[in-house]
Undergrad: 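Pasting a structure here, questions to come.
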Amino acid sequence: MSNKKNGLVLFFMVIIFMYFCFMRKIIILLILVLLSSSIFSQVINIEQERIKTDTIGWNGTVQISFQYLKNKSEVWNVGTRLHSQYKTNKSLILFITDYTLSKSAGSDFANAGVQHVRYNYKFKKWLIGEAFTQVQFNKILNVNFRWLGGLGPRFQVLKTSNLRIYAATLYMYEYEELVNHIYNRDHRLSSYISFSYHLTKNLSLSNTTYYQPKFNHFGDYRISSQTDMKIGIFKHLSFKLSYLYFYDVVPAECAPRETQALNNTLSFEF
């Protein structure tokens, strides 16, 4: 229990650091978002989560999803996601709260969730500083508790009116509690490449793919990817079809190495 408390202390220390350095005027809203859920998605499509807008201030989305998942067994999921974003001329901060309730034939309910905070600061047009922190659990992957924190550079590879490509190489510290009282503390490289492509005004494709090896053992790595197709229905309502893939060379005990999922989501933007 003390290890879990230490992870939570580190998580809130990062939040407090963000507050004193960047976000003095919005700490109350930050606390409201953090307290909206204590539970946590394994994969986050960074480009899909960044709301494309030139407006300074707050934007956000509320999503309701239905999911079919197949790994060790067939699983049906329903979920909700709250996403908000605050933007200034040079800064961007994202808050994501995700909760999924799962049920499979012959097994009990499974819960999974993620709470993610990510901060960007634009030094130059092509160079962005990025920092993030995340807490999560995932019963299917046998993760009782996981805390992540990291930072590093994010690069703008290509930006046109329809296509955006970014790449990043970040340092990440990971603390996790697995089943059977197994505790891990690891230093990882968290590299990703992401793109978003707008085919039409109401149709877009995006993908984010991560590669996360341990610094002291590159043979122990994870690959995760999320591809989204988003279709605008009305001004503030859209439908999203998502394919998620996750592979862990050294998974938690009894957890599958490979997980795939297909999500259907209705999203309301505010």
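Hydrogens, waters and symmetry mates are skipped; everything else that's a heavy atom, side chains included, is used. All values derive from a computational prediction rather than experimental measurement.
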Undergrad: Side chains of Asp228 and Gln226: donor-acceptor distance under 3.5 Å anywhere?
TA: yes
Undergrad: Taking the inter-plane angle between the rings of Phe95 and Trp58 on a 0 to 90° scale, is it parallel (under 30°), tilted (30 to 60°) or perpendicular (over 60°)?
TA: parallel
Undergrad: Could you grab the distance from atom OG of Ser196 to atom NZ of Lys230, nearest 0.5 Å is fine?
TA: 10.5 Å
Undergrad: Counting C-beta onward and ignoring hydrogens, is there a side-chain heavy-atom pair between Tyr197 and Leu199 closer than 4.5 Å?
TA: yes
Undergrad: Checking Arg188 side chain against Gln212 main chain: does a donor-acceptor pair fall under 3.5 Å?
TA: yes
Undergrad: Donor-acceptor check, side chain of Asp248 to backbone of Arg257, threshold 3.5 angstrom: yes or no?
TA: no
Undergrad: Under 4.5 Å between any side-chain heavy atoms of Tyr243 and Gln260, yes or no?
TA: yes
Undergrad: Measure across Tyr166 and Arg164 and return the closest heavy-atom pair with its distance rounded to 0.1 Å.
TA: CE1-CB, 3.9 Å
Undergrad: Taking the six-membered ring for Trp and the full ring for Phe, Tyr or His, determine whether the centres of Tyr121 and Phe123 are under 6.0 Å apart.
TA: yes
Undergrad: I need the minimum non-hydrogen distance between Pro251 and Pro256, along with the two atoms involved.
TA: CB-O, 3.8 Å
Undergrad: Do you reckon Val179 sits in the same ILVMFWY cluster as Val250, going by side-chain contacts under 4.5 Å, direct or chained?
TA: no
Undergrad: Could you check whether any side-chain N or O of Asn207 sits under 3.5 Å from a backbone N or O of Ser194, counting only pairs where one atom can act as donor and the other as acceptor?
TA: no
Undergrad: Please give me the minimum heavy-atom distance between Lys124 and Lys122, naming the atom from each residue.
TA: O-CG, 3.0 Å
Undergrad: Can you find a pair of side-chain heavy atoms, one from Asn180 and one from Asn142, that are under 4.5 Å apart?
TA: no
Undergrad: Are the side chains of Glu174 and Asn184 in contact, using a 4.5 Å heavy-atom criterion?
TA: no
Undergrad: Would one find more than 12 heavy atoms of other residues, nucleotides or ligands at under 6.0 Å from atom CZ of Phe218?
TA: yes
Undergrad: Determine whether a donor-acceptor pair (N or O, by modelled atom type, separation under 3.5 Å) exists between the side chain of Thr133 and the backbone of Leu148.
TA: yes
Undergrad: Are Ile93 and Asn120 packed together at the side-chain level, in the sense that at least one heavy-atom pair is separated by less than 4.5 angstrom?
TA: no
Undergrad: With a 4.5 Å heavy-atom cut-off, do Phe155 and Leu127 have their side chains touching?
TA: yes
Undergrad: Checking side chain to side chain contact (heavy atoms under 4.5 Å, CB included) for the pair Phe137/Asn144: CA distance, chi angles, key distance, verdict?
TA: CA-CA 5 Å; Phe137 70 80; Asn144 291 333; 5.9 Å; no
Undergrad: Any luck finding a side-chain donor-acceptor pair between Thr209 and Ser225 under 3.5 Å?
TA: yes
Undergrad: Please tell me if the side chains of Asn216 and His187 come closer than 4.5 Å, counting only heavy atoms from C-beta onward.
TA: no
Undergrad: Give me the atom names and distance for the closest heavy-atom approach of Arg154 to Ala168.
TA: CA-CB, 4.0 Å
Undergrad: Which label fits Tyr171 and Phe215: parallel for a plane angle under 30°, tilted from 30 to 60°, or perpendicular past 60°?
TA: parallel
Undergrad: Pro213 and side chain to side chain contact (heavy atoms under 4.5 Å, CB included): which single residue from Leu189, Asp220, Val249, Asp186 fits?
TA: Leu189
Undergrad: Got a second to check how far Ile233's CD1 is from Asn202's CG, nearest 0.5 Å?
TA: 10.0 Å
Undergrad: To the nearest 0.5 Å, what is the distance between NZ on Lys87 and CG on Leu94?
TA: 11.0 Å
Undergrad: Give a yes or no on whether a salt bridge exists between Glu176 and Arg222, defined as a side-chain N under 4.0 angstrom from a carboxylate O.
TA: yes
Undergrad: Atom CD1 in Ile182, atom CD in Glu177: separation rounded to 0.5 Å?
TA: 11.5 Å
Undergrad: So how far is it from Leu82 CG to Tyr99 OH, rounded to the nearest 0.5 Å?
TA: 15.5 Å
Undergrad: Look up atom OG in Ser238 and atom CE in Met229, then write down how far apart they are to the nearest 0.5 Å.
TA: 11.5 Å
Undergrad: Using the benzene-type ring in the case of Trp, are the ring centres of Tyr192 and Tyr210 under 6.0 Å apart?
TA: yes
Undergrad: When you compare the side chain of Ile56 with that of Asn89, does any pair of heavy atoms fall below 4.5 Å?
TA: yes
